[in-house]
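Encoded as structure tokens, the structure appears first; notes follow it.
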Amino acid sequence: MATALNIPQDAETCEVKCGQKTLTFTNLQKLFWPQLNKTKRDVLIYYAAVSDVLLPHLRDRGLTVKKYPDGADGKAILVKKIPAYHPQWLKFCPVVRSPGIILEFPMVQDLASLLWIVNLGCIDFCQWPVRCDDIHRPDYVYFNLDPIFPAEFSQVREAALLINHILQKKNVNAYAKTSGSRGIHIYVPIYRKPYQREVWRTAKKVADTMAKEHSALLTSAHIISKRLPGRVLIGYNQNAGGRTFSSPYSLRANPQATVSTPVSWEELETGVTASEFTVDSVPPRVERIGDLFRPLLRPGSRYPLEALL
DNA sequence: GGTTGAA
DNA sequence: TTCAACCAACGCGGC
DNA sequence: GCCGCG
């Protein structure tokens with residue numbers, strides 16, 4: 001059952017009980033998507049509605065927070081250090097950046113933390129691929145598929161299906177979500193053993209091999225000028241240290257208010273588009289089919305990194 | 001968007 | 001009480 | 001060492 005947030009339609013501010021915690025929502029009528037007539041209130045209601053499927057993916061992972069004080073078309077402010085005024089129950093993941101310098105990344109451990117961060121003016125969520133108890137060993141390998149002009153989303157789908165087919169031949173199950181804009185993200189859950197660097201090296205090897213063997217469809221070139229037009233980029237560099245991935249079910253700050261949405265391989269075969277998954281359509285979809293990314297949370301669905309080679 | 005701290 | 005300032009930074013390859 | 005990239 002989805003979490004419904006009880007905010008009066010026309011309230012400008014509102015106090016909400018979240019278990020023992022009390023949250024104050026502010027500027028609720030602020031238009032975040034003027035063309036869609038969607039407000040900050042709609043963002044809070046969206047995240048509450050999908051919180052059952054979103055929270056397990058965010059749990060124990062550091063986040064980078066992006067604020068959009070002027071809505072989805074406005075400037076974005078990246079906030080790595082949450083200011084001192086945060087509630088005392090918000091949890092952090094301390095990361096030693098260099099000797100004597102410790103950065104504290106916020107973690108969303110419950111609904112209250114999620115909504116407190118959303119109230120800062122946050123639209124999209126980016127999470128670390130590692131959990132805080134072992135910040136050097138990722139939980140998954142990640143490929144970022146992006147169309148290179150004039151390629152379109154249909155080619156990205158085709159590329160995703162090809163990559164899945166190749167991984168299936170290695171008896172590896174992968175999971176896909178729309179990026180929310182023009183691409184698709186592919187996740188392969190791995191045992192937490194190899195260091196980030198090793199995961200990156202393997203991702204590069206896999207991407208380069210696939211691009212070499214299917215050069216009419218794929219490219220893995222890091223340098224933009226070396227990417228052939230009309231191909232699909234299979235990006236591996238997000239596996240490098242210190243990078244974050246956009247979370248599943250994250251809203252995107254684009255004019256359509258799309259959502260980065262897990263999709264099945266069958267859906268990709270029958271031709272879904274990225275634009276059909278939005279702030280309006282995703283909550284009922286999640287109610288209907290649950291979380292297609294749930295296997296990523298189960299220890300039993302993981303592979304040794306070498307299985308991808 | 002929210003807060004702090006200076007004017 | 002008003003108002004400006006602040007709010008990130010790094011790993012990787014290639015050259 | 002610096003640039004391009006994300």
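Note on naming: letters A, B, ... go to the chains in the order of the sequence lines (proteins, then strands), and numbering restarts at 1 for each one. Atoms considered below: every heavy atom in the structure, side chains included; atoms not considered: hydrogens, waters and symmetry mates.
- Among the heavy atoms of the strands, none lies under 4.0 Å from A/Leu103.
- At whole-Å resolution of the value, CD1 in A/Ile77 and C1' in C/dA4 are 13 Å apart.
- For A/Gln29, the CD atom counts as densely surrounded, since its 6.0 Å shell holds more than 12 non-hydrogen atoms of other residues, nucleotides or ligands.
- Using a distance-only test at 3.5 Å, with no hydrogens or angles considered, no donor-acceptor pair links the side chain of A/Asp208 to the main chain of A/Lys205.
- Two different hydrophobic clusters hold A/Phe105 and A/Val65 under the rule that ILVMFWY side chains link at heavy-atom gaps under 4.5 Å.
- Judged purely by distance below 3.5 Å, without hydrogens or angles, the side chains of A/Asn173 and A/Tyr303 pair a donor atom with an acceptor atom.
- Minimum atom distance to the side chain of A/Trp200 is reached by C/dG13, of the listed C/dG13, C/dA9, D/dC5.
- Minimum atom distance to the side chain of A/Tyr85 is reached by B/dT4, of the listed C/dC15, D/dC5, B/dT4.
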Exercise. Carefully, step by step, assess A/Met210 and A/Leu218 under the rule side-chain contact (heavy atoms from CB on, under 4.5 Å).
Key: CA-CA 7 Å; A/Met210 287 182 182; A/Leu218 298 174; 4.0 Å; yes
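- The phosphate of C/dA9 has OP1 or OP2 within less than 4.0 Å of a side-chain N or O from A/Lys81.
- When the P atom is used for both D/dG6 and C/dA8, the distance is 23 Å, rounded to whole Å.
- Nucleic acid contact for A/Asn237: none, since no nucleic acid atom lies under 4.0 Å from a heavy atom of the residue.
- Taking atom CD on A/Glu104 and atom P on C/dA8, their separation rounds to 13 Å, with Å as the unit.
- Put simply, the side chain of A/Arg197 and the base of C/dG11 share no donor and acceptor less than 3.5 Å apart.
- Taking atom CD1 of A/Ile223 as the reference point, atom P of C/dG13 lies 12 Å away to the nearest angstrom.
- Distance CG (A/Leu78) to C1' (D/dG6): 12 Å, rounded to an integer number of Å.
- The shortest distance between the side-chain N/O atoms of A/Lys204 and the OP1/OP2 oxygens of C/dG11 is not below 4.0 Å.
- With 3.5 Å as the limit, one finds no donor-acceptor pair spanning the side chains of A/Asp73 and A/Trp33.
- In the interface, the side chain of A/His222 is not paired with the base of C/dG14 through any donor and acceptor atom under 3.5 Å apart.
- Side-chain rings of A/Tyr175 and A/Tyr187 stay apart, their centers remaining 6.0 Å or farther from each other.
- Using a 4.0 Å heavy-atom cutoff across all strands shown, A/Gln238 reaches sugar-phosphate atoms only and no base atom.
- A/Asp70 comes within contact range of the sugar-phosphate backbone alone, with a heavy-atom separation under 4.0 Å but no base atom that close.
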Quiz item: In dot-bracket form, how is DNA chain C paired, counting a Watson-Crick or G-U wobble pair only if both its distances are under 3.5 Å and using | for bases paired to another strand?
Solution: |||||||..||||||
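- Rounded to whole angstrom, the span from the CG atom of A/Asp146 across to the C1' atom of D/dC5 amounts to 13 Å.
- Comparing D/dG6, C/dA8, C/dC15 by their closest approach to the side chain of A/Arg243 singles out D/dG6.
- Atom P of nucleotide D/dG4 and atom CG of A/Leu233 are separated by 18 Å, given to the nearest angstrom.
- Rounded to whole Å, the separation between the P atoms of C/dA9 and D/dC5 comes to 23 Å.
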Exercise. Given ring-ring contact (aromatic ring centres under 6.0 Å, His included), test A/His86 with A/Phe92 step by step and report yes or no.
Key: CA-CA 11 Å; A/His86 63 79; A/Phe92 290 85; 4.7 Å; yes
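- Between A/Arg227 and D/dG6, a side-chain N or O to OP1/OP2 separation shorter than 4.0 Å is present.
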